[in-house]
Q: 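Quick one: structure below, then a few questions.
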Amino acid sequence: MTERLTEIPAQPANDVTSDGREHPLELDTAGMRALVAAALERIVAHVASLPSQRVSDTEGGAELARTLAEPLPETGTPVPELLDLLFDRAVKPTYNTASPGYLAYIPGGGLFQSAVADLVADSVNRYTSVFTTAPALARLEANVIDWFCQIVGFPGEARGTLSTGGSLANFTALFTARRERLPDDFLSGVIYASREVHHSVAKAALLAGFPERSLRSLPVDERFRLRVDALEAAVAEDRARGLTPFLVVASAGTTNTGAIDPLDEVAEISSREKLWMHVDAAYGGFFLLTEEGKRAMRGIERADSIVLDPHKGLFLPYGTGAVLVRDGQALRRAHALTADYMPHMQSDPDLVDFCLYSPELSRPFRGLRVWLPFKMHGAGAFREQLEEKLALARLATERIRGMEGMEILAEPQLSLLAFRLAPAGVDDAEELNCLNRRLLERVNDRQRVFLTGTMLGDRFALRICVLFFRTHRDRMEEGLEDLEAARREVMG
Ligand SMILES: Cc1ncc(COP(=O)(O)O)c(C=O)c1O
């Protein structure tokens with residue numbers, strides 16, 4: 001293999017240029033094949049070894065990073081050297097977000113099928129932001145949006161766009177709500193969310209022009225869900241002060257504990273108080289493919305806008321979020337600007353110019369990375385995976401509950417739970433937090449699973465979030481074994 005790799009020159013000769021001359025940036029057909037083959041060789045070896053790789057080890061990473069700073073390279077480097085740098089050095093000191101043991105934060109995915117779709121999309125490189133320039137490809141992306149609308153229960157007139165992730169999708173939703181519900185002079189507008197909402201919502205509000213004083217951070221109940229009585233009281237108070245309540249953001253799976261706000265009740269209040277209801281379902285949304293998820297998120301279909309994160313719940317590689325808006329024309333009204341130099345835009349609502357529904361103009365053909373795996377495997381394959389994750393979270397909860405001194409702080413409402421060690425006789429809050437930080441370190445030191453912690457009020461909690469297509473029962477059992485061993489150690 002090494003022999004073959006070293007055959008690839010930095011600047012392969014060219015057999016496809018129109019002027020018959022060699023241009024190094026235009027790879028010839030053999031060069032293209034050799035480059036992909038060389039990369040693929042490394043990729044496949046890497047992916048195949050994921051289960052045996054360490055799950056989080058950044059040792060030496062900062063030092064390596066410093067050595068990699070370099071001035072603009074004037075000449076090329078042979079591809080094997082570059083692949084060695086990537087795979088043998090740079091990829092190594094990382095959190096292994098593609099490991100079956102990655103149960104930290106909200107796991108991303110890394111479907112290889114989507115990586116292949118990206119290769120196709122980027123190689124074809126068509127302009128899918130404007131319908132005229134790539135009608136059939138734009139339609140494929142529109143199918144993806146329609147499928148998502150179907151998953152959340154939105155009507156046919158709903159529209160949406162794919163973004164880079166949940167943060168920008170939240171921004172697009174908040175901006176749309178502002179443009180729809182408030183005048184140009186919008187600073188009397190007030191936004192409501194629980195104190196557990198993802199911080200990208202506050203960022204989105206700032207980006208949409210609101211000062212911090214426009215945000216109300218509301219209390220939660222014992223299951224970390226937005227308290228609707230607090231929402232009602234805050235809206236009434238703000239109205240009495242002459243302000244304009246206009247937007248409530250509910251969570252369908254918070255990052256801290258996986259809490260799902262009472263969506264039906266929030267929808268009731270929203271319709272009574274004429275609030276735009278936005279649901280951040282970046283983590284939880286795709287569990288709507290399962291019956292359990294549908295029950296847990298009942299009422300989500302009443303929202304005005306919803307954010308989903310395919311790079312979470314559909315296991316895609318990082319870089320794809322989605323915003324869906326029930327009244328698709330509201331999304332369009334908020335973003336529909338064009339110019340004389342642009343191609344003709346469509347008036348038929350079935351022929352979507354994505355640039356009229358999004359803050360972006362030029363952008364990658366993101367739809368293909370969702371479309372290809374859905375078409376290859378069908379929704380059933382995703383449903384099955386998600387059901388497995390729900391079951392694994394339940395299994396973990398029951399096992400942890402059975403470990404001496406362990407306390408479940410947040411039962412899984414989907415696939416995320418929070419817990420801590422609270423042995424009898426240890427009452428001091430700081431002592432308990434230190435004990436649990438040690439517990440977390442000891443679990444992670446074993447390198448079979450990677451967990452992260454959070455603060456729930458003044459209590460430090462460990463979290464398990466199961467949302468990765470490579471995580472199955474075998475790895476969960478290993479993680480639970482490690483947790484029990486670590487618990488014994490810190491109690492020791
Ligand atoms: C509930 C929730 N909302 C929004 C986001 C932001 O999404 P992204 O990281 O894709 O920008 C996250 C990220 O973890 C999240 O968990």
Side-chain angles (χ1 to χ4, degrees), residues 36 38-61 64-65 82-122 164-166 255 282-283 286-287 308-321 364 366 368-370 372-374 376-377 381-382 384-386 388-389 392-393 396 415-416 443-452 463-479 482:
V36 172
L40 195 61
E41 200 98 40
R42 303 302 300 258
I43 292 166
V44 169
H46 173 80
V47 173
S49 72
L50 278 170
S52 57
Q53 288 175 20
R54 291 166 78 79
V55 70
S56 124
D57 184 0
T58 53
E59 181 140 7
L64 174 62
L82 300 175
L83 292 174
D84 285 350
L85 166 65
L86 288 171
F87 283 94
D88 298 342
R89 299 178 67 207
V91 171
K92 291 232 146 82
T94 48
Y95 287 7
N96 187 348
T97 44
S99 160
Y102 193 80
L103 305 170
Y105 305 107
I106 306 287
L111 277 184
F112 181 71
Q113 297 87 322
S114 297
V116 174
D118 282 358
L119 180 61
V120 173
D122 293 355
T164 51
T255 314
Y283 153 56
F286 285 109
F287 283 102
L308 301 170
D309 237 352
H311 65 203
K312 295 184 171 71
L314 289 184
F315 324 118
L316 259 64
Y318 291 116
T320 312
R366 293 192 186 105
L368 201 65
R369 52 188 1 235
V370 184
L372 187 69
F374 257 117
M376 282 174 69
H377 306 289
F382 289 90
E384 196 180 293
Q385 277 284 335
L386 291 162
E388 184 193 25
K389 306 313 164 233
L392 287 175
S415 69
L416 198 169
V443 177
N444 289 342
D445 279 350
R446 288 170 159 78
Q447 289 293 337
R448 296 201 289 185
V449 293
F450 182 54
L451 313 186
T452 45
R463 300 161 66 264
I464 288 181
C465 182
V466 203
L467 192 67
F468 189 55
F469 68 104
R470 294 191 179 102
T471 306
H472 304 296
R473 181 157 181 162
D474 56 339
R475 187 58 68 118
M476 185 56 81
E477 294 283 0
E478 288 172 359
D482 289 352

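By convention here, the first residue in the shown sequence is residue 1. Both backbone and side-chain heavy atoms feed into the values below; hydrogens, waters and symmetry mates do not.
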Q: What are the two closest non-hydrogen atoms of Ser114 and Arg369, and how far apart are they?
A: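 Nearest heavy atoms, Ser114 then Arg369: OG-O, 2.7 Å.
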Q: State which residue, out of Tyr283, Tyr318, Phe286, fulfils the ring-ring contact (aromatic ring centres under 6.0 Å, His included) condition with His311.
A: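 One option only clears the test, and that one is Tyr318.
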Q: So, for Pro93 and Gly61, which heavy atoms are closest and what is the spacing to 0.1 Å?
A: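 Shortest heavy-atom separation between Pro93 and Gly61 comes out as CB-CA, 3.6 Å.
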Q: Measuring from Leu64:CG to Leu85:CG, what's the distance to the nearest 0.5 Å?
A: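 The CG atom of Leu64 sits 7.5 Å away from the CG atom of Leu85.
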Q: If only atom types and distance count, is the side chain of Thr452 paired as donor or acceptor with the main-chain N or O of Ala104 below 3.5 Å?
A: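 No: the side chain of Thr452 does not pair with the backbone of Ala104.
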Q: Is a donor on one side and an acceptor on the other found under 3.5 Å between the side chain of Ser415 and the backbone of Val466?
A: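 Checking the backbone N and O of Val466 against the side chain of Ser415, a donor-acceptor pair under 3.5 Å is found.
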Q: Donor-acceptor check, side chain of Arg475 to backbone of Val449, threshold 3.5 angstrom: yes or no?
A: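 Such a contact is absent between Arg475 side chain and Val449 backbone.
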Q: Hey, could you give me the CZ/CZ distance between Phe315 and Phe382, rounded to the nearest 0.5 Å?
A: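 So the gap between those two atoms works out to 7.0 Å.
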Q: Checking the side chain of Arg463 only, and the main-chain atoms of Thr255 only, is there a donor and an acceptor separated by less than 3.5 Å?
A: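 Looks like yes, one N/O pair under 3.5 Å.
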Q: First locate atom CZ of Arg473, then atom CG of Leu392, and finally report the distance between them rounded to the nearest 0.5 Å.
A: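 Taking CZ in Arg473 and CG in Leu392, the distance rounds to 8.0 Å.
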Q: Which pair of heavy atoms, one from Pro310 and one from Thr320, lies closest together, and at what distance?
A: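 Residues Pro310 and Thr320, closest heavy atoms: CD-O, 3.1 Å.
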Q: Do Leu467 and Phe287 have side chains that get closer than 4.5 Å, going by heavy atoms?
A: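 Yes. Closest side-chain heavy atoms under 4.5 Å.
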Q: Roughly how far, to the nearest 0.5 Å, is OG1 of Thr471 from CE of Met476?
A: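 The CE atom of Met476 sits 7.0 Å away from the OG1 atom of Thr471.
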Q: So which pairs with a foot in residues 88-98 pass side-chain hydrogen bond (donor to acceptor under 3.5 Å, both in side chains), sequence neighbours left out?
A: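 Passing the test, one end in residues 88-98: Arg42-Asp88, Gln53-Asn96.
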Q: Just wondering, do Asp309 and Leu316 contact through their side chains at under 4.5 Å, heavy atoms?
A: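 Result no, sub-4.5 Å side-chain heavy-atom pair not found.
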Q: In Å and rounded to the nearest 0.5 Å, what is the OG to CG distance from Ser56 to Asp445?
A: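 One gets 9.0 Å once the value is rounded to the nearest 0.5 Å.
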Q: Any chance you could measure Arg54, atom CZ, to Asn444, atom CG, to the nearest 0.5 Å?
A: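 One gets 11.0 Å once the value is rounded to the nearest 0.5 Å.
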Q: What are the two closest heavy atoms between Val443 and Leu451, and how far apart are they?
A: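 Smallest interatomic distance, heavy atoms only, reads CG1-CD1, 4.2 Å.
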Q: Grab the two heavy atoms, one from Val55 and one from Ser99, that are nearest each other, plus how far apart they are.
A: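 Distance-wise, the nearest heavy atoms are CG2-OG, 3.3 Å.
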Q: Where do Ile464 and Ala396 come nearest, in terms of heavy atoms and distance?
A: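 Minimum heavy-atom separation between Ile464 and Ala396: CD1-CB, 4.4 Å.
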